[in-house]
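For reference, the structure discussed in these notes is given below.
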Amino acid sequence: MNQSIQARYTFAQQLAREAGELAHRYFQNLDQIVVESKGTQDEVSIADRETEVFIRARIAEAFPDDGILGEEGGDDRDGKSIIWVIDPIDGTACFVNNMFSWCVSIAVAVDGVPTIGAVYDPNAKELFHAMRGGVAYVNDKLVNVKDVADFKGGVLGVGFSHRSKPEEFTPFMHTLLSSGGMFIRNGSGALMLCYVAAGRLIGYYEPHINSWDCLAAIAIVEAAGGQCNNFLADDGMSRGNPILAAGKPLYPLLLRATGKNVK
Ligand code: IPD
Ligand code: CA
Ligand code: CA
């Protein structure tokens, strides 16, 4: 089993790079791309769709017995134990508005555990990657979370979508700011979570996120020594859940600041 997981890890890294370069070619010709709305502040383009088609075809060819769940192409899990969870472009609002914080996110869950993560940012040429039980990297450089004791120790990433209600989020922001903390939202949850793994941000909170946005990054944060909530509890794979990530000393404070009973 371990050998076959290692093979998927190597493949996921290569695939994230190739898919990222494909999406980047669309990004360089943005003026020719039609953007469609899927909901409030939720857009999609041919770049998202075609990148997911590419990723799915490559996985189906290399690992035909694995399941796939993707943001644009749907749910082909079929009770499989090894599931690829993919977001072809995380940070679409940035992508379609010609900003640089977007990435390709590819995860593998094995028996319901986030096991492999490969997140590629083609603008920065950074591949964040890890396999459960191992260490985390950006390209070939080892990374670790930054362990701080409180919110004053650095900048926290936050995210919000209209899947949540504002009143679920604003009390958290009040607590963060009144504790001397500071926030950033760059439009890509996957990238900000990887920045937690790389010690650039001290943590991340979003009241609801989908599995394709965060599963790869969860594997990377955990391999980098950080702590995340049990995202796949209560069918988080299909329904999404809150996401919390931080170094271990900060995690209890972050959890308290959300005011929620997160598993
Ligand atoms: C979104 C981004 C955003 C987060 C949202 C996601 P998308 O994904 O990760 O940062 O706040 O919850 O839906 O739509 O750009 O793939
Ligand atoms: Ca996403
Ligand atoms: Ca997406």
Side-chain angles (χ1 to χ4, degrees), residues 16 19-20 22-24 26-27 30 33 35-56 68-75 84-107 114 117-123 128 155-166 168-170 172-173 183-197 200-201 203-218 220-221 228-229 231 236-245 258 262:
L22 170 63
H24 194 251
Y26 284 104
F27 188 62
L30 257 191
I33 285 181
V35 178
E36 297 157 47
S37 173
K38 293 198 286 184
T40 310
Q41 301 276 353
D42 189 9
E43 294 175 320
V44 66
S45 76
I46 187 172
D48 303 73
R49 295 210 174 97
E50 290 303 309
T51 304
E52 182 154 335
V53 166
F54 170 79
I55 295 171
R56 282 177 177 263
I68 306 179
L69 173 67
E71 177 169 17
E72 312 301 343
D75 186 349
W84 293 76
V85 184
I86 55 182
D87 192 345
I89 296 177
D90 184 65
T92 294
C94 298
F95 184 101
V96 299
N97 290 299
N98 203 12
M99 293 184 275
F100 297 100
S101 43
W102 57 269
C103 61
V104 174
S105 177
I106 299 179
V119 174
Y120 183 56
D121 170 351
N123 290 295
F128 299 87
V155 179
L156 192 94
V158 295
F160 185 81
S161 77
H162 288 287
R163 298 182 301 271
S164 301
K165 296 197 177 78
E168 281 183 67
F169 186 61
T170 47
F172 172 81
M173 291 300 272
F183 64 92
I184 192 166
R185 178 186 193 273
N186 77 357
S188 167
L191 265 188
M192 283 186 284
L193 284 162
C194 288
Y195 294 167
V196 176
R200 299 173 188 177
L201 298 176
Y204 186 76
Y205 172 58
E206 179 161 352
H208 177 272
I209 202 163
N210 284 306
S211 55
W212 47 79
D213 302 310
C214 68
L215 217 65
I218 288 173
I220 299 168
V221 169
C228 297
N229 55 306
F231 179 82
M237 183 78 99
S238 313
R239 294 150 39 123
N241 258 327
I243 180 72
L244 282 71
T258 68
V262 180

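Quick caveat, the model's predicted, so the values are computed rather than measured. We count ligands from 1, going down the list as the structure has it; atoms in each ligand are counted the same way.
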Fill in: Atoms of ligand 1, numbered as shown, that sit under 4.0 Å from any heavy atom of Asp87
16 (O)
Discussion item. Quick one: does any side-chain atom of His208 pair with a main-chain N or O of Lys165 as donor and acceptor, under 3.5 Å?
Written reply: no
Worksheet item: Between the Ca ion (ligand 2) and Asp213, is there an N, O or S atom separated by less than 3.0 Å?
Response: yes
Practice prompt. Look at atom 9 (O) of ligand 1 and find which of Ile209, Asp90, Asp213 reaches it with the closest heavy atom.
Written response: Asp90
Item to complete: Can you establish whether the number of heavy atoms outside Phe183 located under 6.0 Å from its atom CZ is more than 12?
Response: no
Item to complete: Using a 4.0 Å heavy-atom cut-off, say whether Asn186 meets ligand 1 through its side chain, its backbone, both or neither.
Response: neither
Worksheet item: Are side-chain heavy atoms of Arg163 and Glu206 found at a separation under 4.5 Å?
Response: yes
Worksheet item: Purely on distance, is any nitrogen or oxygen of Glu206 under 3.5 Å from one on ligand 1?
Response: yes
Discussion item. For the CG atom of Asp213 and the CE atom of Met192, what is their distance to the nearest 0.5 Å?
Written reply: 10.5 Å
Item to complete: Provide the atom name of the closest N, O or S atom of Glu71 relative to the Ca ion (ligand 3).
Response: OE1
Worksheet item: Is ligand 1 under 4.0 Å from a heavy atom in the side chain of Phe160, in the backbone, in both, or in neither?
Response: backbone
Worksheet item: CG of Asp87 to OG1 of Thr92: how many Å apart, nearest 0.5 Å?
Response: 6.5 Å
Worksheet item: Is Tyr205 close to Met173 at the side-chain level, that is, under 4.5 Å between some pair of heavy atoms?
Response: no
Worksheet item: What part of Cys94 sits under 4.0 Å from ligand 1 if we count only heavy atoms: the side chain, the backbone, both or neither?
Response: neither
Response to the item:
So the atoms of ligand 1 within less than 4.0 Å of a heavy atom of Gly189 turn out to be 2 (C), 3 (C), 9 (O), 10 (O)
Response to the item:
atom 15 (O) of ligand 1 sits nearest the protein heavy atom Gly91 N, 2.7 Å
Worksheet item: Would a distance-only check, ignoring hydrogens and angles, find a side-chain to backbone donor-acceptor pair under 3.5 Å from Asn229 to Val262?
Response: no
Discussion item. Tell me whether the Ca ion (ligand 3) has Trp212 as a neighbour, meaning an N, O or S atom of it below 3.0 Å.
Written reply: no
Worksheet entry | Atoms of ligand 1 close to Glu71 [distance to a heavy atom under 4.0 angstrom, numbered from 1] | 16 (O)
Worksheet, complete the sentence: Note: ligand 1 atoms sitting under 4.0 Å from heavy atoms of Arg185 are 3 (C), 10 (O), 11 (O)
Worksheet entry | For the Ca ion (ligand 2): the N/O/S atom of Asp87 at shortest distance | OD2
Fill in: Gap separating the CG atom of Leu22 from the CD atom of Glu50, nearest 0.5 angstrom
8.0 Å
Worksheet item: How long is the span from the CG atom in Asp75 to the CE atom in Met237, to the nearest 0.5 Å?
Response: 9.0 Å
Fill in: Interfacing atoms of ligand 1 (cut-off 4.0 Å, heavy-atom, Ile89)
16 (O)
Worksheet item: Does some side-chain heavy atom of Tyr195 sit less than 4.5 Å from a side-chain heavy atom of Ile184?
Response: no
Worksheet item: Nearest to atom 3 (C) of ligand 1, what protein heavy atom do you find, and at what distance?
Response: Gly187 O, 3.5 Å
Worksheet item: Less than 3.5 Å between some nitrogen or oxygen of Gly159 and one of ligand 1, yes or no?
Response: no
Worksheet entry | Heavy-atom side-chain proximity of Phe231 to Cys214 below 4.5 angstrom | yes
Worksheet item: Is the backbone N or O of Asn186 less than 3.5 Å from a side-chain atom of Ser101, with the two atoms forming a donor-acceptor pair by type?
Response: yes
Response to the item:
In Asp90, the N/O/S atom nearest the Ca ion (ligand 2) carries the name OD1
Fill in: Ala190-ligand 1 polar pair, N/O distance under 3.5 Å
no
Item to complete: List for me each residue that meets salt bridge (Lys or Arg N to Asp or Glu O under 4.0 Å) alongside Arg56, sequence neighbours excluded, and say none if there are none.
Response: Glu52, Asp76
Fill in: Tyr204 N/O to ligand 1 N/O under 3.5 Å
no
Worksheet item: Where is the nearest protein heavy atom to atom 13 (O) of ligand 1: which residue, which atom, and how far?
Response: Arg163 NH1, 3.3 Å
